[in-house]
Amino acid sequence: MVGWRARRTSRADAAELFSRERNAILRLARSVDVATGSRCVLIKRLRGLEDSSRFWSAYMVLDHLRIVNENTTELIGQLVRSDKPTKIVSTADVKPSPSVDAKVIDKFSAVCDRFEQNIAAISNLQTELRWPHPWFGPLDAAKWHFFTGFHMSLHHRQMKTILRAAEQHSTINFRA
C-alpha cells in the first residue's frame with residue numbers, strides 16, 4: 001500500500017502531509033499535562049502498528065517519531081548523494097525510551113524542522129539507489145519522504161488513542 005500511495009502522491013502533497021501531521025501531533029502533545037503525557041496505557045492494536053507499541057505513553061510516541069525522523073533525514077541524504085547506507089533499518093532500533101519526558105516535545109519539533117529543511121534543499125528525490133524498509137521493502141528517497149508523513153499519521157492516531165485512555169484513567173474514582 002505504501003508504494004502504491006507514494007507513487008500517486010506528489011512531492012508537495014507528501015511535504016504537506018508531513019507538515020500537517022507534525023503540527024497536529026505537536027498541538028496534541030502540548031495540550032496535555034505532564035502526568036497524562038507520561039502515562040503508559042495499554043491500547044488495542046491499531047492497524048499498521050506493531051503489537052509491541054501497544055503499551056506506550058504519548059511522550060514515547062513522540063520519542064519514536066523523533067528517532068525515525070532523524071534516521072530518515074540521514075537516510076534520504078545518503079540516497080540522494082548515492083552513498084550506499086550501511087545501517088539496516090530495524091524496528092528494534094527505533095523503540096522509544098520508557099523514561100522519556102516532556103522535553104521530547106521540543107526535540108521532536110527540532111528534528112521535524114531539520115527534516116523539512118533538508119528535504120526542501122534537495123532538487124530531486126527520485127533516486128536509483130534504494131534502501132529497504134523492514135515492512136515495505138526497498139524505497140527510493142521520494143518514497144522514504146512520503147513514508148515519513150504517512151508514518152506520522154499512523155502514530156498520530158496512536159497518540160490520540162493513548163491520550164483518551166490516559167485521561168479516562170485519571171478520572172476513574174478508585175474509592176470503594
Side-chain angles (χ1 to χ4, degrees), residues 1-2 5 9 12-77 87 89-120 133-136 144-176:
M1 180 177 82
V2 169
R5 284 187 60 190
T9 302
D13 287 344
E16 171 58 29
L17 174 62
F18 180 91
S19 180
R20 185 175 60 244
E21 289 300 330
R22 172 232 180 124
N23 292 334
I25 288 167
L26 283 171
R27 274 193 306 277
L28 195 56
R30 290 177 175 145
S31 73
V32 298
D33 61 76
V34 172
T36 302
S38 299
R39 184 174 293 122
C40 290
V41 292
L42 184 63
I43 61 169
K44 65 179 178 139
R45 184 166 189 257
L46 300 176
R47 185 174 180 205
L49 296 179
E50 284 192 359
D51 193 55
S52 63
S53 64
R54 289 182 53 220
F55 189 64
W56 285 6
S57 69
Y59 293 157
M60 288 174 72
V61 173
L62 279 180
D63 196 37
H64 167 72
L65 291 172
R66 176 194 61 79
I67 295 164
V68 169
N69 293 353
E70 192 167 55
N71 291 348
T72 306
T73 301
E74 181 180 332
L75 178 61
I76 289 172
K87 187 176 181 183
V89 177
S90 160
T91 56
D93 291 339
V94 295
K95 297 294 182 199
S97 168
S99 62
V100 69
D101 60 24
K103 293 175 189 164
V104 75
I105 297 171
D106 289 336
K107 292 176 183 177
F108 167 77
S109 183
V111 165
C112 289
D113 285 344
R114 186 169 154 248
F115 178 85
E116 289 180 314
Q117 290 163 1
N118 285 11
I119 294 298
H133 180 279
W135 289 13
F136 307 117
W144 276 105
H145 176 226
F146 166 80
F147 165 78
T148 308
F150 173 80
H151 177 252
M152 289 209 310
S153 70
L154 295 174
H155 286 287
H156 180 196
R157 274 192 353 228
Q158 177 194 20
M159 185 181 233
K160 288 193 286 189
T161 303
I162 288 169
L163 289 174
R164 274 194 304 273
E167 287 168 355
Q168 287 173 352
H169 178 269
S170 68
T171 60
I172 295 173
N173 185 350
F174 289 102
R175 291 186 215 170

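In this chain, residues are counted from 1 in sequence order.
- Between W56 and H64, the ring-plane angle classifies as tilted under the 30° and 60° cut-offs.
- Separation of atoms CG (L17) and NE2 (H145) is listed at 9.0 Å; rounding is to 0.5 Å.
- Residue M60 comes nearest to V100 through the heavy atom pair N-CG1, 3.7 Å, listed as atom of the first residue, atom of the second, then distance.
- Once rounded to the nearest 0.5 Å, the distance linking OG1 of T91 with NE2 of H133 reads 8.5 Å.
- The distance from the OG atom of S109 to the CG atom of L26 is 5.0 Å, given to the nearest 0.5 Å.
- Taking CG of L49 as the reference point, atom OG1 of T161 lies at 9.0 Å (rounded to 0.5 Å).
- For the pair N71/V89, no side-chain contact is recorded, criterion being any heavy-atom separation below 4.5 Å from C-beta on.
- E74 has no carboxylate O lying under 4.0 Å from a charged side-chain N of K87, or vice versa, which leaves the two without a salt bridge.
- Residue S19 comes nearest to E116 through the heavy atom pair CB-OE2, 3.5 Å, listed as atom of the first residue, atom of the second, then distance.
- Looking only at side-chain heavy atoms (C-beta outward), T148 and N69 come within less than 4.5 Å of each other.
- Ion pairing between a basic and an acidic side chain is recognised when a charged N comes within 4.0 Å of a carboxylate O; K107 and D101 show no such pairing.
- Aromatic ring pairs are classed by plane angle as parallel below 30°, tilted from 30° to 60° and perpendicular above 60°; the pair F147 and W144 is perpendicular.
- Side chains of S53 and R45: a donor-acceptor N/O pair is absent below 3.5 angstrom, by distance only.
- If you take NE2 on H156 and NZ on K160, they are separated by 4.5 Å, rounding to the nearest 0.5 Å.
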Evaluate side chain to side chain contact (heavy atoms under 4.5 Å, CB included) for L46 paired with L154, printing each intermediate quantity in order. CA-CA 8 Å; L46 300 176; L154 295 174; over 6 Å; no
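- Side-chain contact between D113 and R22: present, with at least one pair of heavy atoms (C-beta onward) separated by less than 4.5 Å.
- Closest approach of M159 and V61 over heavy atoms only: CB-CG1, 4.3 Å.
- Pairing each heavy atom of I162 with each of R39, the nearest pair is CG2-O, 4.3 Å.
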Salt bridge (Lys or Arg N to Asp or Glu O under 4.0 Å) between R66 and D106, intermediate numbers included: CA-CA 10 Å; R66 176 194 61 79; D106 289 336; over 6 Å; no
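- Using a 4.5 Å cut-off on side-chain heavy atoms (C-beta onward), E21 and H151 make no contact.
- Contact detail for A29 and I105: the closest heavy-atom pair is O-CD1, 3.7 Å.
- With hydrogens and angles ignored, the 3.5 Å screen pairs a side-chain donor or acceptor of S31 with a backbone N or O of L28.
- Here the CD atom belonging to Q158 is positioned 5.5 Å from the NE2 atom belonging to H155, to the nearest 0.5 angstrom.
- Proximity of Y59 to D63: side-chain heavy atoms (C-beta onward) are nowhere separated by under 4.5 Å.
- At least one side-chain heavy atom of I119 sits under 4.5 Å from a side-chain heavy atom of I76.
- Of all heavy-atom pairs spanning C40 and S57, the tightest one is SG-N, 3.8 Å.
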